[in-house]
Visitor: 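My structure is below; once you've seen it, I'll send some questions.
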Amino acid sequence: MFSRSSTSPVSVVTGGAGFLGSHLTDRLLTEGHRVVGLDNFITGNSENIGHLAGNPNYRFVRQDVSNFIFLPDDIDFVFHLASPASPIDYLEHPIPTMKVGALGTHNALGLAKAKGATFFLASTSESYGDPLVHPQREDYWGNVNPIGPRGVYDEAKRFAEALTMAYHRYHGVDTKIIRIFNTYGPRMRLRDGRVVPAFIGQALTGEPLTVFGDGSQTRSFCYVSDLIDGMFKLVMSDFHEPVNIGNPREMTIKEFGEHIIRITGTHSELEYRPLPVDDPKVRQPDIGRARSILGWEPKVDFEEGIRHTIEYFRSRVGPAKQ
Ligand code: NAD
Ligand code: UDP
């Protein structure tokens with residue numbers, strides 16, 4: 001059990017064995033926090049936190065946060081990241097996705113309230129749905145199909161944002177909301193279906209790169225270290241409304257595939273497949289708010305971030321590691 005100390009805050013990270021949760025945990029430990037990680041491994045991977053075994057400032061609890069969370073510790077920060085995040089994952093687990101966005105967020109907020117902790121919600125650019133405003137600013141309310149297949153994720157996150165603001169306004173909990181735009185880097189699952197691991201995995205194994213639709217839809221990719229830096233700056237701020245964190249460099253998915261082919265030197269080619277239902281046509285963050293309030297902007301350029309990520313996936317390719 002961790003007890004309060006003025007020099008070493010205690011942070012809880014739900015979804016702590018996931019891609020972003022494990023990077024956030026590393027950053028918090030570097031900043032002198034003690035960390036309790038919670039995860040049920042629905043999409044996470046114990047290898048992401050394997051290096052923390054034996055660290056006296058880290059404890060892991062295997063638990064589904066859609067069930068009541070009991071922790072004996074004094075807690076200063078609750079970071080709520082638990083949720084399937086890739087379209088393939090949330091289409092495979094629609095009800096757990098809605099439960100963790102709704103019940104899990106309620107439990108994590110309840111924990112923060114009971115402990116007098118700051119609460120941090122990992123929301124998403126999917127709150128904007130298939131946006132009619134471009135680039136997306138935080139004051140845009142979005143264009144989401146509530147009953148489409150992606151609705152389970154989008155609406156759960158929108159509910160989570162509403163609940164977070166209600167706890168802030170009604171219970172006075174110190175809350176922060178980040179809207180994360182497509183983030184990539186080491187520790188993503190090779191086969192999680194998101195376009196970055198999908199294309200890199202396909203390029204490294206000589207398979208065709210599966211472009212959905214005609215590849216004209218756009219995304220803007222942020223390297224993980226930049227995202228974690230934005231998260232940390234936001235949690236230390238006194239700003240309570242949502243803040244976009246992402247890299248504004250926008251490209252079409254076809255261009256992204258061509259970059260992966262060029263950088264990996266693969267002989268793979270692009271292969272076109274049907275576009276999934278409600279796939280957003282454009283996505284680019286307006287980061288004016290993050291710039292002015294947090295003094296944050298991304299530092300890692302696309303070429304550098306993607307090369308690091310390709311190196312990571314090179315070490316993972318092969319049937320035994322997938
Ligand atoms: P991830 O799948 O790697 O991590 C999510 C983690 O949450 C996994 O370890 C999973 O096992 C855990 N989890 C899910 N449901 C749980 C539950 N009920 N109880 C306990 N643990 C549970 O995905 P990620 O990319 O690291 O995403 C982390 C968070 O950031 C998610 O909330 C996601 O919606 C948000 N986000 C990520 C991105 C991105 O580009 N990576 C973009 C927007 C939002
Ligand atoms: N995509 C693709 N091929 C793939 C996986 C994804 O063309 O193998 C496309 C997908 O249709 C979307 C974009 O790439 O337009 C980004 O998809 P991702 O799953 O990474 O996340 P999203 O931004 O849609 O949540």
Side-chain angles (χ1 to χ4, degrees), residues 13-24 37-46 48-49 61-67 69 79-91 93 95-105 107-108 121-127 130 150 153-154 156-157 160 178-185 187-189 191-202 207-222 224 227-228 231 244-246 251-254 256-257 270-283 285:
V13 180
T14 79
F19 161 51
L20 296 179
S22 63
H23 283 284
L24 174 66
L38 304 180
D39 206 295
N40 66 352
F41 295 117
I42 187 171
T43 59
N45 183 353
S46 59
N48 290 341
I49 50 171
V61 180
R62 182 172 189 150
Q63 115 139 67
D64 181 342
V65 299
S66 297
N67 299 323
I69 307 168
F79 291 87
H80 182 44
L81 276 69
S83 172
S86 116
I88 286 199
D89 287 341
Y90 56 75
L91 295 182
H93 305 288
I95 295 166
T97 300
M98 294 217 77
K99 285 176 76 175
V100 75
L103 306 177
T105 303
N107 291 330
L121 175 68
S123 187
T124 169
S125 53
E126 283 284 317
S127 295
D130 189 4
R150 296 175 85 105
Y153 180 69
D154 302 8
K157 290 289 186 180
I178 181 177
R179 291 193 182 137
I180 302 170
F181 283 66
N182 297 62
T183 298
Y184 69 95
R187 300 189 191 160
M188 294 185 97
R189 267 172 32 242
R191 301 284 172 197
D192 87 356
R194 287 185 271 196
V195 72
V196 174
F199 282 8
I200 296 177
Q202 290 160 346
E207 298 161 49
L209 274 60
T210 51
V211 175
F212 298 161
D214 63 4
S216 62
Q217 70 273 32
T218 68
R219 294 294 185 273
S220 309
F221 298 102
C222 182
V224 61
L227 189 278
I228 298 296
M231 271 189 178
N244 291 338
I245 298 285
M251 64 185 82
T252 66
I253 292 302
K254 180 166 180 284
F256 177 64
L270 303 182
E271 186 176 283
Y272 292 87
R273 301 270 176 90
L275 189 67
V277 177
D278 294 334
D279 198 285
K281 288 180 245 348
V282 290
R283 187 181 288 152

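Numbers here are sequence positions counted from 1. Whatever order the structure lists them in is the order used to number ligands and atoms, beginning at 1.
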Visitor: Under a 4.0 angstrom heavy-atom cut-off, which atoms of ligand 1 come close to Ala17?
Guide: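 The atoms of ligand 1 under 4.0 Å from a heavy atom of Ala17 are 9 (O).
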Visitor: Does Ser123 have a non-hydrogen atom less than 4.0 Å from ligand 1?
Guide: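 It does, in that a heavy atom of Ser123 comes within the 4.0 Å cut-off of ligand 1.
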Visitor: Atom 3 (N) of ligand 2: which of Asp89, Val195, Asp214, Thr210 has the nearest heavy atom?
Guide: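 Answer by nearest heavy atom: Thr210.
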Visitor: Testing the 3.5 Å rule here: is there a donor-acceptor pair between the side chains of Thr252 and Gln217?
Guide: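 There is no such pair (donor and acceptor under 3.5 Å, judged by atom type) between the side chains of Thr252 and Gln217.
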Visitor: Just let me know how Arg150 lines up against ligand 2, side chain, backbone, both or neither, with a heavy-atom cut-off below 4.0 Å.
Guide: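 The side chain, only.
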Visitor: So if I count the atoms of ligand 1 from 1 in the order they appear, which ones are less than 4.0 Å from some heavy atom of Ser66?
Guide: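 Those qualifying, in numeric order: 18 (N).
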Visitor: Atoms of ligand 2 less than 4.0 Å from Pro87 heavy atoms?
Guide: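 Close to Pro87: 19 (O), 25 (O).
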Visitor: Below 4.0 angstrom from a heavy atom of Arg283, which ligand 2 atoms are there? Numbered from 1 as shown, please.
Guide: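 Heavy-atom distances to Arg283 below 4.0 Å select 22 (P), 23 (O), 25 (O).
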Visitor: Please state whether Lys157 comes within less than 4.0 angstrom of ligand 1, counting heavy atoms only.
Guide: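 So Lys157 counts as touching ligand 1.
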Visitor: What distance do Leu91 atom CG and Ser86 atom OG have between them, rounded to the nearest 0.5 Å?
Guide: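 Reported to 0.5 Å precision, the distance equals 8.0 Å.
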Visitor: Number the atoms of ligand 2 from 1 as they appear, then name those within less than 4.0 Å of a heavy atom of Gln217, with their elements.
Guide: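 Within the 4.0 Å cut-off of Gln217, ligand 2 contributes 9 (C), 11 (O), 15 (O).
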Visitor: Just to confirm my output: which protein heavy-atom neighbour is closest to atom 1 (N) of ligand 2, and how far is it?
Guide: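 Result for atom 1 (N) of ligand 2: Phe212 CD1, 3.4 Å.
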Visitor: May I ask you to list the atoms of ligand 2 that are less than 4.0 angstrom from any heavy atom of Ala198?
Guide: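 In order of numbering, the contacting atoms are 8 (O).
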Visitor: Looking only at heavy atoms, what is the nearest atom pair of Asp192 and Pro197, with distance?
Guide: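 Closest heavy-atom pair between Asp192 and Pro197: OD1-CG, 3.4 Å.
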Visitor: Could you list which atoms of ligand 2 come closer than 4.0 Å to a heavy atom of Val211?
Guide: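 The atoms of ligand 2 under 4.0 Å from a heavy atom of Val211 are 7 (O).
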Visitor: Have a look at Asp89 and tell me which of Arg191, Arg194, Arg189 forms a salt bridge (Lys or Arg N to Asp or Glu O under 4.0 Å) with it.
Guide: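 Option passing the salt bridge (Lys or Arg N to Asp or Glu O under 4.0 Å) with Asp89: Arg189.
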Visitor: For ligand 2, which atoms sit closer than 4.0 Å to a heavy atom of Asp279?
Guide: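 This gives 10 (C), 11 (O), 12 (C), 15 (O) as the contact atoms.
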Visitor: Could you tell me if any non-hydrogen atom of Glu126 lies under 4.0 Å from any atom of ligand 2?
Guide: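 Glu126 counts as a contact of ligand 2 under the 4.0 Å cut-off.
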Visitor: Taking the non-hydrogen atoms of Thr14, is any one of them nearer than 4.0 angstrom to ligand 1?
Guide: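 The answer is no: ligand 1 sits nowhere under 4.0 Å from a heavy atom of Thr14.
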Visitor: Would you mind listing which atoms of ligand 1 come within a distance below 4.0 Å of any non-hydrogen atom of Gly15?
Guide: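 So the answer, numbered in order with elements, is 6 (C), 7 (O), 12 (C).
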Visitor: May I ask you to list the atoms of ligand 1 that are less than 4.0 angstrom from any heavy atom of Gly18?
Guide: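 It comes down to these atoms of ligand 1: 3 (O), 4 (O), 8 (C), 9 (O).
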Visitor: Compute the shortest N/O to N/O distance between Gln202 and ligand 2 and return yes if it is under 3.5 Å, no if not.
Guide: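 No.
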Visitor: Decide yes or no for Thr124 and Tyr153: does some side-chain heavy atom of the first lie under 4.5 Å from some side-chain heavy atom of the second?
Guide: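 In short, these two side chains touch, coming nearer than 4.5 Å.
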Visitor: Just which atoms of ligand 1 are under 4.0 Å from any heavy atom in Asp64?
Guide: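 Result: 17 (C), 18 (N), 19 (N).
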Visitor: Taking a cutoff of less than 4.0 Å between a non-hydrogen atom of the residue and any ligand atom, is Gly104 in contact with ligand 1?
Guide: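 No.
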Visitor: Measuring from non-hydrogen atoms of Tyr153 to any atom of ligand 1, is the shortest distance under 4.0 Å?
Guide: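 Right, Tyr153 reaches ligand 1.
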Visitor: Any atoms of ligand 2 less than 4.0 Å from a non-hydrogen atom of Ile253? List them with their elements.
Guide: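 It comes down to these atoms of ligand 2: 7 (O), 13 (C), 14 (O).
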Visitor: Show me which atoms of ligand 1 lie under 4.0 Å from any heavy atom of Gly44.
Guide: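 Those of ligand 1 that fall under 4.0 Å from Gly44 are 8 (C), 9 (O), 10 (C), 11 (O).
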Visitor: For atom 21 (O) of ligand 2, which protein heavy atom lies nearest, and how many Å away is it?
Guide: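 For atom 21 (O) of ligand 2, the nearest protein heavy atom is Asn182 ND2, 3.6 Å.
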Visitor: Between Leu24, Thr43, Ile180, which one has a non-hydrogen atom sitting closest to atom 2 (O) of ligand 1?
Guide: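 Minimum heavy-atom distance to atom 2 (O) of ligand 1 goes to Thr43.
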Visitor: Below 4.0 Å, non-hydrogen atoms only: which portion of Arg194 touches ligand 2? Side chain, backbone, both or neither.
Guide: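 For Arg194, backbone and side-chain atoms both sit under 4.0 Å from ligand 2.
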Visitor: Any idea which part of Phe41 is under 4.0 Å from ligand 1, heavy-atom wise: side chain, backbone, both or neither?
Guide: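 Backbone only.
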Visitor: With heavy atoms only and a cut-off of under 4.0 Å, state how Leu209 meets ligand 2: side chain, backbone, both or neither.
Guide: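 Neither; no heavy atom under 4.0 Å.
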Visitor: Side chain, backbone, both or neither: which applies to Asn182 and ligand 1 if a contact is any heavy-atom pair less than 4.0 Å apart?
Guide: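 For Asn182, the contact with ligand 1 is made by the backbone alone.
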Visitor: Looking only at protein heavy atoms, identify the closest one to atom 15 (N) of ligand 1 and say how far it is in Å.
Guide: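 I find the closest protein heavy atom is Ile42 CG2, 3.5 Å.
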Visitor: Indicate yes or no: at least one non-hydrogen side-chain atom of Asp130 is less than 4.5 angstrom from one of Lys281.
Guide: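 Side chain of Asp130 against side chain of Lys281, heavy atoms only: contact under 4.5 Å found.
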Visitor: Among all protein heavy atoms, pick the one closest to atom 16 (C) of ligand 2 and tell me residue, atom and distance.
Guide: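 The answer is Arg219 NE, 3.6 Å.
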Visitor: Give a yes/no on ligand 1: does Arg194 have at least one heavy atom closer than 4.0 angstrom to it?
Guide: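 Judged by the 4.0 Å heavy-atom criterion, Arg194 does count as contacting ligand 1.
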Visitor: Does Gln63 have a heavy atom less than 4.0 Å from any atom of ligand 1?
Guide: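 Gln63: in contact with ligand 1 (<4.0 Å).
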Visitor: Applying the side chain to side chain contact (heavy atoms under 4.5 Å, CB included) criterion to Val100, which one of Ile42, Asn40, Val65 satisfies it?
Guide: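 That would be Val65; it is the only one of Ile42, Asn40, Val65 passing the side chain to side chain contact (heavy atoms under 4.5 Å, CB included) with Val100.
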Visitor: Contact between Ser220 and Pro285 at the side-chain level, heavy atoms closer than 4.5 Å - yes or no?
Guide: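 Yes, at least one pair of side-chain atoms sits under 4.5 Å.
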Visitor: Could you label the plane-to-plane angle of the Phe256 and Phe199 rings as parallel, tilted or perpendicular, counting under 30° as parallel and over 60° as perpendicular?
Guide: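 Plane angle under 30°, so parallel.
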Visitor: Check this for me: does any side-chain nitrogen of one of Lys157 and Glu126 sit under 4.0 Å from a carboxylate oxygen of the other?
Guide: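 Glu126 and Lys157: not salt-bridged.
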